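Working notes, structure below.
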2 protein chains.
Amino acid sequence: MRVSKNPEDRKTEILNAAEMLFTAKGYSETTVNDILREVGIAKGTFYYYFQSKEEVMDAIVQRFIDKGVEAAKAIAADPSLKATEKLFQIIMGQRPDADGQKEQMIEELHQVNNPEMHQKSLVETILQLTPVLTEVIEQGIREGVFQTPYPKETVEFLLVSSQFLLDEGIFQWEPQEQIQKVLALTHIIETTLGAERGSFAYILGMYNNEKEGKSDE
Amino acid sequence: MRVSKNPEDRKTEILNAAEMLFTAKGYSETTVNDILREVGIAKGTFYYYFQSKEEVMDAIVQRFIDKGVEAAKAIAADPSLKATEKLFQIIMGQRPDADGQKEQMIEELHQVNNPEMHQKSLVETILQLTPVLTEVIEQGIREGVFQTPYPKETVEFLLVSSQFLLDEGIFQWEPQEQIQKVLALTHIIETTLGAERGSFAYILGMYNNEKEGKSDE
DNA sequence: GTCTATAAGCGGATAGAC
DNA sequence: GTCTATCCGCTTATAGAC
């Protein structure tokens, strides 16, 4: 039986099935045949829509990143937040009151055992987040709380180091080391941006409380 | 005809052949059969020594990193160099008077089209370089030229950002952007380490001269 | 323990018929 | 657009020689 569908729908169908399988079993453990079975199509159809299994992964990553960048843009556009708060929230990937569903997806995708997908996702995120954050820094410079001759490059350096160094899939730090690194990063953010010492200290307190479980329950 | 060899020699033989082929044709374009033909062994022998083609890749990367770390240790141990010089040379991967053969190997390995190998190599390098550089920083602190409450973490931060951000295989920057990033990194090194502004300026001059071709020829 | 030879399985990718 | 058939490369298995 041959069923023709709207190309976009078919593509989305494949992506959804693949995403489910990739997150459940991992990328390399998922075969193209698995995807075919799940969607109910033949191999030729799959390769009509995607050039390779990897291209499917790329599309999923892209879909996923778009959501994260949107969240960051929302934070950046929030007029009630100070530049320091925006910065810290975006860099730490903290979205205090965003809907919780996305967070789960991030968790899952991070744990997918696939260095390649992982790296691509980090790189794309950094590239897309850079202009957003640079704008925040320049806002901070105008407000007089930040000061640096290299706003864009500093953002890139901070993003790269926080995304890669604090990523649990790339480096495996002990919980204690992780805390130490967040402390250090806070200090480094302050110094590289020429912010007043302690600008991020109170935000850091919030971050730690969330991570270590609430003490007031 | 059967030839028995010292296991270590055999292993090295396979690694050498594989490294040559990987750098010549790329990892995925090199088949296990290619390696067998080159070394002159049977398939069973290959899989007797290595569990997979990827394991061969890992071993090559490891061999390669060990050399780089040795070079860094040599720089760190050189009593004629100041802490600032040691730091900059190691972070920029500059070995001014080391034998030039290694540099070529770096180029080649960087171009092998394999993100996973690449990432592993960077992570390993960072992990092994951290203690070496941390010692240099602490030397600098004792000498009074550096000042930071987080020497180790700052080293990690600088290594991660320089290794990943300046890596041509991960981000593809225009030459001009690349230069801008090196300038910014220099500034960031100075501020994060609490060094005097301009401490690295003269070293930076050396770096640029080398990269852009000599003007006095 | 080291090595050869061969065959077969599996998964990604392609060609070409419908 | 969709399918079936097929290829190619990594990997495993087997059986046996030195």
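Excluded from the calculations below are hydrogen atoms, water molecules and symmetry mates; all remaining heavy atoms, backbone and side chain alike, are included. Just so it is clear, the structure is predicted and the values come from calculations on it, not from any experiment. Chain naming here is simple, since letters A, B, ... match the order of the sequence lines and numbering starts at 1 in each.
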Just checking A:Tyr49: base, sugar-phosphate only, or nothing, at a heavy-atom cut-off of under 4.0 Å? sugar-phosphate
Under a 3.5 Å cutoff, is there a donor and acceptor pairing between the side chains of A:Gln128 and A:Glu124? yes
Write down the distance between CZ (B:Phe46) and P (C:dT4), rounded to a whole number of angstrom. 14 Å
Nearest of C:dG12, D:dT4, C:dT4 to any side-chain atom of A:Tyr47? C:dG12
For the pair made of CG in B:Asn33 and C1' in C:dA7, what is the distance, rounded to whole Å? 14 Å
Using whole Å, what does the distance between atom P of nucleotide D:dT11 and atom CD1 of B:Ile35 come to? 10 Å
Salt-bridge contact B:Glu135-B:Lys152 (side-chain N to carboxylate O under 4.0 Å): no
What's the CZ-P distance between A:Phe50 and C:dT14, to the nearest Å? 15 Å
I'd like to know if A:Lys86 and A:Asp78 make a salt bridge, using a cut-off of under 4.0 Å between side-chain N and carboxylate O. no
Given C:dT4, D:dC3, D:dA5, the nucleotide with the shortest approach to the side chain of A:Ile41: D:dC3
Just checking, B:Lys11 and B:Phe50: is the charged tip under 6.0 Å from the six-membered ring centre and within 45° of the axis? yes
Using a distance-only criterion (donor-acceptor N/O pair, under 3.5 Å, no hydrogens), is the base of D:dT11 paired with the side chain of B:Lys43? yes
Taking the side chain of B:Ser52 as heavy atoms from C-beta outward, which of D:dT11, D:dT2, D:dC10 is closest to it? D:dT11
Using atom CD of A:Glu55 as one end and atom P of C:dA13 as the other, report the distance to the nearest whole Å. 10 Å
Candidates C:dA5, D:dT11, C:dG12 - which lies nearest the side chain of B:Ala42: C:dA5
Regarding A:Thr45, tell me which of base, sugar-phosphate or nothing describes its non-hydrogen contacts under 4.0 Å with the strands shown. base
Give me the ring orientation class for B:Phe164 and A:Phe164: parallel if the planes are under 30° apart, tilted from 30 to 60°, perpendicular past 60°. parallel
Nucleotide nearest A:Lys53 when distance is taken to its side chain, options C:dC3, C:dG12, D:dT2: C:dG12
B:Gln51 has an atom CD; how far is it from atom P of D:dT12, in whole Å? 8 Å
Separation of C:dG11 P from A:Glu54 CD (nearest whole Å): 19 Å
Rounded to whole Å, CZ of B:Arg10 lies from P of C:dG1 at a distance of 17 Å
